[in-house]
Undergrad: 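Dropping a structure here in structure tokens format, bear with me for questions.
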Amino acid sequence: MIKGMITSNHIIQTLIPAESIGRRSLGSEHGLKSEQEIIGLADKNVITIKPEDTITSTIDSLLKANSTYTIVQSSDIMSGIITYRDIIS
């Protein structure tokens, strides 16, 4: 069972601090986001498709969920990952 998915976007957002500067951020000490547990970063609403699904239904699933990836899963076994880059290339 897949508990979550981490993409490069999750990692980049964790490593690069936000660009907001305000009164509240001045002089405050923020904990490092890079010390956060992996499951805390993961997208827990993972979309799955079956190997026999079509590209059209896969695109529909991605658009409906506003996601950039989907997991190809047969029974409880992960067979692969399809990203929007795979589809447009």
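Note that the numbering runs from 1 along the sequence shown for the chain. Model, not experiment: these values are computed from the prediction.
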Undergrad: Rounded to the nearest 0.5 Å, how far does CG of Asp53 lie from OG of Ser61?
TA: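 The distance works out to 7.0 Å.
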Undergrad: Working note: Thr58 + Thr70, criterion side-chain contact (heavy atoms from CB on, under 4.5 Å); need CA distance, chi angles, decisive distance, verdict.
TA: CA-CA 8 Å; Thr58 301; Thr70 184; 3.8 Å; yes
Undergrad: Is it true that the side chains of Tyr69 and Asp86 contain a donor and an acceptor less than 3.5 Å apart?
TA: no
Undergrad: If you measure from OG on Ser79 to CD on Gln73, what distance do you get to the nearest 0.5 Å?
TA: 8.0 Å
Undergrad: So with a 6.0 Å cut-off around NZ of Lys44, is the heavy-atom count from everything else above 12?
TA: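 Yes, because the 6.0 Å sphere around NZ of Lys44 holds more than 12 heavy atoms from other groups.
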Undergrad: Could you grab the distance from atom NZ of Lys64 to atom CD1 of Ile47, nearest 0.5 Å is fine?
TA: 10.5 Å
Undergrad: Does the side chain of Ser57 come under 3.5 Å of the side chain of Thr54 through a donor N or O and an acceptor N or O?
TA: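 Judged by distance alone, the side chains do pair up.
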Undergrad: Do the non-hydrogen side-chain atoms of Ile6 and Ile11 ever get within less than 4.5 Å of each other?
TA: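 Result yes, sub-4.5 Å side-chain heavy-atom pair found.
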Undergrad: Measuring only between side-chain heavy atoms, which start at C-beta, is Met5 closer than 4.5 Å to Ile81?
TA: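 In contact.
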Undergrad: Can you list the other members of the hydrophobic cluster that holds Ile59, where links are side-chain heavy atoms under 4.5 angstrom apart?
TA: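 Listed partners: Ile49, Ile55, Leu62, Leu63, Val72, Ile82, Ile87.
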Undergrad: Under 4.5 Å between side-chain heavy atoms, chaining through other members, with only Ile, Leu, Val, Met, Phe, Trp and Tyr counted: pull out the rest of the cluster around Tyr84, sorted by chain and number.
TA: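 So far as hydrophobic clustering goes, Tyr84 is joined with Ile88.
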Undergrad: Would you call Thr68 and Thr83 a side-chain contact if the rule is heavy atoms closer than 4.5 Å?
TA: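 Result no, sub-4.5 Å side-chain heavy-atom pair not found.
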